[in-house]
Amino acid sequence: MKKIIKVLCATLALLLIQIPAFSAEDGYAESLVQKGFPKDYAEKLSRLHKTHPSWEFEPINITEMSGGKYTWDYVLYMETEDNPKRSLVPNGDQYIVLRDMSNYEQYDSGWWKASRAAVEYMMDPRNFMDEQQIFQFYDLAWNDTTTLDMVKAAVKGTFMANARLDGEYSDTTYAEYFYEIGKELGASPVYLAARVRAEQGTAGTSSLINGKCGDKLWYYYSNKVTGSENGHLIKAPTSGYTEAQLKSYNGLYNYFNIGAAGTGYFAIYLGGMNEAKNGTPEKAAEWGGASWNTRWKALYGGAYRATDTYIKDYQNTPYFQKFNVDPRSSRNFWGQYMQSIHGSTGVATTFYNSFKENAMLDLPYTFLIPVFDGMPESCPYPDGSEFQDTRYLTKDSVASYVTLDLSALDGVKKRYSKAKVSWRVFAGGTGDCLGLGDMDLSVYSGVCIEYSVAENFDRDACGVASFIGLVSDGAAPYGGEGSEPDYSADIAHKRINDGKNGYLHRISTYIDLSDVAYSGPVFLCAYTQKNQTYLIHNIAFVTNKGYEAPEPVTAPVTETEPPTEPEATTGPEPAGTKPDTTAAPEPAAGEEGFRPLYAVIIAVCSAVIAGGIAAVIVMKVPKKEKKTDEEK
């Protein structure tokens with residue numbers, strides 16, 4: 001009997017030790033589900049709550065509040081296809097994987113339409129339920145727990161740190177003024193500081209806040225800067241303005257960039273200055289005029305507009321200011337504060353750093369988190385698969401093709417390449433090699449390489465022609481920068497074309513391998529000049545050696561039906577050009593495409609692969625034609 005009691009006591013003690021470790025967290029997760037959060041939301045949020053038990057999470061059920069209309073697919077459509085300018089990504093190679101490569105139009109001062117996958121990732125709240133990015137869902141209304149030190153931390157390291165304002169507020173710092181007007185207007189002063197920081201950067205050198213924007217507008221206009229300058233799109237008009245008109249904008253400020261939109265910096269600055277000129281009519285009597293003709297008036301006016309137009313209209317979190325999807329708002333989708341898909345992440349980081357620096361992460365914050373019906377299991381960060389150009393893979397000649405998942409090879413490819421690898425697109429320069437693994441090239445007739453180069457790429461720089469090809473030794477690339485090319489490991493190569501429309505313009509070149517009997521490790525590389533970069537999008541190894549054409553394929557390629565467009569919104573919407581949905585263009589004259597003759601093609605798609613073959617395709621292959629001097 002004593003043994004039985006001991007066993008029972010030991011078992012009970014074990015249960016008492018184990019249960020508390022799980023029951024509290026599981027109980028909180030269950031309470032979140034009862035509130036209306038999906039289970040996968042609740043699991044992530046309960047882990048955050050375990051670290052910060054004072055934090056509260058409130059679900060905002062977007063679909064339910066809209067009467068079932070605002071499903072995930074509907075909202076995603078409205079944020080992408082309804083207006084191509086609604087969700088944008090900045091210029092730069094590091095953002096190229098986030099772009100919609102079917103849309104070649106630049107917006108504003110050099111931004112691009114974001115891809116569906118990029119918007120889907122950024123719009124999915126589950127991707128941002130960590131200690132820092134949870135502040136995308138932070139309630140932006142005034143909170144009595146906010147202190148001046150928190151605002152000082154928000155402006156630390158910027159042009160606003162310790163700086164003072166002008167006029168009657170010449171003895172007031174930016175932080176002090178943000179705190180004062182935030183309390184008056186009912187907005188978080190940390191948010192106001194973070195918003196200005198996001199709009200003006202840390203240096204604060206924009207013409208919109210230096211008081212001399214009129215001079216800048218006149219410079220663009222009088223010098224007829226109708227295109228670009230120093231890499232920035234300007235697009236100044238050629239008529240319609242006088243020097244007096246444009247210089248009248250001197251002495252005005254617009255810290256929140258309100259109204260600063262359009263294509264080119266001229267339109268952006270002009271729009272921002274018109275807003276500053278109109279100012280805050282509600283304060284005209286008190287100020288002796290509505291215009292933002294002092295720094296403090298511009299800050300107050302911008303904060304007033306951000307509070308009255310956004311926070312009080314259910315755009316009361318950084319997330320809702322980027323994705324205005326709360327059905328209670330009067331301006332769903334079109335009335336968004338920011339077009340950048342990263343707009344809310346930067347504000348969240350500023351909040352987090354400010355609170356952390358002041359040891360205030362454990363205050364009782366409230367987070368308002370959207371929930372949608374019809375969400376996919378996950379929305380991962382774009383992996384580059386959208387870059388796979390299937391222009392040649394969807395012709396009538398194609399019977400079938402399979403693309404393998406290359407993501408598992410990411411760790412392997414780095415053995416072969418010191419080049420910057422950007423997701424599934426290989427970016428190479430002088431001395432860079434991409435390892436393709438061991439291959440028997442004797443079975444192939446040739447290789448088709450699809451690549452692109454920068455707009456300023458000069459294939460004859462330094463007097464030596466650039467070319468691309470295959471080598472047998474990754475330690476012996478072709479070289480570059482004007483030195484004599486190293487052909488010691490060369491298998492086959494061909495010249496690179498000059499840039500046309502930059503990385504948007506894909507060039508296909510065919511390298512003949514019919515006389516190559518090599519078997520062993522194969523590397524792709526190029527002979528280029530200093531600071532010249534090329535992107536490799538697709539590589540297709542082609543064979544018709546000893547191959548008999550099959551019977552004609554009678555079944556057409558299966559194509560999925562395009563999704564039905566969601567019902568359009570009924571609210572007011574400014575006119576916007578729909579993105580071009582036509583198919584990608586055929587290769588231009590002078591580029592090598594795929595021509596008749598059936599063959600088996602082994603394709604290495606989106607060439608960041610380290611050993612092996614990525615896809616098997618049945619399709620047309622190039623005829624061998626006489627090469628011109630230009631192609632040799």
Side-chain angles (χ1 to χ4, degrees), residues 107-109 111 154-155 158-160 163-169 172 174 177-178 181-182 185 187 189 191-221 232-236 241 245-284 286-311 315 321 335-340 343 346-347 350:
Y107 301 101
D108 295 341
S109 56
W111 292 67
V155 301
T158 75
F159 67 97
M160 299 179 284
R164 299 184 183 277
L165 297 173
D166 51 6
E168 61 189 84
Y169 286 93
T172 304
Y174 279 83
Y177 193 60
F178 281 131
I181 62 177
L185 297 173
Y191 159 70
L192 298 178
R195 186 74 268 147
V196 171
R197 178 175 184 151
E199 297 293 346
Q200 303 302 332
T202 57
T205 58
S206 169
S207 295
L208 289 169
I209 63 170
N210 68 6
K212 299 178 181 179
C213 197
D215 290 341
K216 178 63 75 172
L217 288 168
W218 174 245
Y219 166 78
Y220 289 149
Y221 181 78
H232 299 297
L233 186 65
I234 308 300
K235 293 197 73 172
Y241 297 95
Q245 281 178 313
L246 294 178
K247 288 191 174 181
S248 69
Y249 293 114
N250 284 335
L252 297 178
Y253 306 86
N254 187 341
Y255 280 88
F256 285 78
N257 284 354
I258 295 173
T263 301
Y265 271 100
F266 186 91
I268 292 170
Y269 288 160
L270 187 64
M273 286 295 97
N274 280 327
E275 286 289 340
K277 184 176 181 179
N278 295 330
T280 309
E282 297 84 351
K283 288 289 183 177
E286 180 182 339
W287 291 352
S291 296
W292 298 341
N293 55 7
T294 65
R295 295 183 181 278
W296 68 266
K297 287 180 185 178
L299 289 173
Y300 186 98
Y304 180 92
R305 188 82 63 86
T307 304
D308 193 61
T309 306
Y310 297 96
I311 296 177
Q315 289 180 263
Q321 291 198 348
Q336 298 182 164
Y337 191 93
M338 38 196 152
Q339 295 165 285
S340 170
V347 176
T350 299

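As the structure is a prediction and not an experimental result, all values here were calculated from the model. Hydrogens, waters and symmetry mates play no part in the numbers below; they use all other heavy atoms, side chains included.
The two residues Ala193 and Val155 make their nearest non-hydrogen contact at CB-CG1, 3.8 Å. Among all heavy-atom pairs drawn from Leu208 and Gly272, the shortest one is CD2-CA, 4.1 Å. Shown here for Tyr241 and Leu246, the closest heavy-atom pair between the two residues is CD2-CD2, 3.8 Å. In this structure, Ala306 and Tyr191 approach most closely via the heavy-atom pair CB-OH, 4.1 Å. The two residues Gly262 and Ile268 make their nearest non-hydrogen contact at O-CG1, 3.8 Å. Smallest separation of non-hydrogen atoms from Gly279 and Pro281: O-CD, 3.4 Å.
If you take CD1 on Ile258 and CG on Asn274, they are separated by 13.5 Å, rounding to the nearest 0.5 Å. Distance CG/Leu185 to CD1/Ile311: 9.0 Å, rounded to 0.5 Å. Note that CG of Leu233 is 9.5 Å distant from OH of Tyr265, once rounded to the nearest 0.5 Å. Once rounded to the nearest 0.5 Å, the distance linking CG of Leu252 with OG1 of Thr294 reads 10.0 Å.
Counting heavy atoms from C-beta on, the side chains of Tyr177 and Tyr300 come closer than 4.5 Å. When side chains are defined from C-beta on, Lys297 does not count as touching Thr280, because their heavy atoms never get closer than 4.5 Å.
Within the 3.5 Å criterion, the main-chain N or O of Cys213 finds no donor-acceptor partner in the side chain of Ser207. A distance-only check finds no donor-acceptor pair linking the side chain of Asn254 to the backbone of Met273 [under 3.5 Å]. Remark: the backbone N or O of Asn250 is not paired with any side-chain donor or acceptor of Asp215 at under 3.5 angstrom. Between the side chain of Gln200 and the backbone N or O of Phe159 there is no donor-acceptor pair closer than 3.5 Å.
Between the side chains of Gln245 and Tyr221, no donor N or O sits under 3.5 Å from an acceptor N or O. Residues Glu275 and Asn257 have side chains that never bring a donor and an acceptor to within less than 3.5 angstrom of each other.
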side-chain contact (heavy atoms from CB on, under 4.5 Å) evaluation trace for Leu299 with Leu165: CA-CA 10 Å; Leu299 289 173; Leu165 297 173; 3.7 Å; yes
Gln339/Trp111 under side-chain contact (heavy atoms from CB on, under 4.5 Å): CA gap, chis, key distance, verdict: CA-CA 10 Å; Gln339 295 165 285; Trp111 292 67; over 6 Å; no
Worked verdict on Tyr220 versus Tyr269 for side-chain contact (heavy atoms from CB on, under 4.5 Å): CA-CA 11 Å; Tyr220 289 149; Tyr269 288 160; 4.0 Å; yes
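Test Tyr174, Tyr253, Trp287 against Trp296 for ring pair (Phe, Tyr, Trp, His ring centres under 6.0 Å) and you get one pass: Trp287. The side chain to side chain contact (heavy atoms under 4.5 Å, CB included) test with Tyr255 is passed by exactly one of Arg195, Met160, Arg295, Glu199: Arg295.
Dense packing is recorded around NZ of Lys283, with more than 12 heavy atoms of other residues, nucleotides or ligands lying under 6.0 Å away.
Under the 6.0 Å cut-off for aromatic ring centres, Tyr337 and Tyr310 qualify, their centroids lying closer than that.
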